Amino acid sequence: MELVAGGLIAFLIAALTAPVGVSGAVFLVPLQIGLFSVSGPSVTSTNLLYNVIATPGALSAYWRRGIRNHRLVFALIAGTLPGVIAGSIVRVEFLSSAEAFYLVIALVLGPLGLWLLSGRTRTPSNAQQRRTRIGAPIGFLSGVVGFVGGIYGIGGGSILGPILVG
């Protein structure tokens, strides 16, 4: 029964989050720990596998919208991929206890949730969008987000998306 419930929940999360360009793995972590009592590094590896499965849907939405900013994509990949790998290693080697991971969950979701609730986002004008620098600052930011995402068990899109919009 847990397998069916877990599959249904994962499907619903992916169906709701893929249209906005994220896999939704960030929402699976609290469910896996709270609802299914899964702890330890298996939560991280399960979520990273979920990202591999859910990402094609998000990529197809990205492609259908005609968004093809290749410089941004390559800057994000260049930072995120090494960050996710390093974060995964830190998770397995140093943060494998349930208590340490509860702290990670609070440190990831707490500030992000507070920032989103504050409503402090702005939409830049077209002139500001054209002047936005993509290279090193975005690569560094995506590396940090990838590192945190690797520890948490997500690719980082759920964190990086609101930051880029804000």
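The structure presented is a predicted model; accordingly, all values stated were derived computationally and were not measured.
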Tabulate below the donor-acceptor pairs under 3.5 Å that side-chain atoms of residues 142-149 make, not counting sequence neighbours, or state none.
unit_1	atom_1	unit_2	atom_2	d
Ser142	OG	Ala75	O	3.4
Ser142	OG	Leu76	O	3.4
Ser142	OG	Ile138	O	3.0
Ser142	OG	Gly139	O	2.9

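- Taking both residues in full, the closest heavy atoms of Pro111 and Ala106 are given as CD-O, 3.6 Å, listed atom of the first, atom of the second, then distance.
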Which donor-acceptor pairs under 3.5 Å do the side chains of residues 86-94 make with protein atoms, sequence neighbours left out?
unit_1	atom_1	unit_2	atom_2	d
Ser88	OG	Val84	O	2.8
Arg91	NE	Thr44	OG1	2.7
Arg91	NH1	Leu95	O	2.2
Arg91	NH2	Gly40	O	2.6

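- Through direct or relayed side-chain contacts under 4.5 Å between Ile, Leu, Val, Met, Phe, Trp and Tyr, Leu107 connects to Leu103.
- Placement of Phe36 and Tyr102 within a single hydrophobic cluster is found when ILVMFWY residues are connected by side-chain heavy-atom separations under 4.5 Å, directly or transitively.
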Does the pair Ile33 and Ile105 meet the rule for a side-chain contact (heavy atoms from CB on, under 4.5 Å), with working shown? CA-CA 10 Å; Ile33 291 174; Ile105 292 171; 3.4 Å; yes
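- Using a 4.5 Å heavy-atom cutoff, the side chains of Ile9 and Leu35 are in contact.
- With rounding to the nearest 0.5 angstrom, the OH atom of Tyr152 is 3.5 Å from the CG atom of Leu109.
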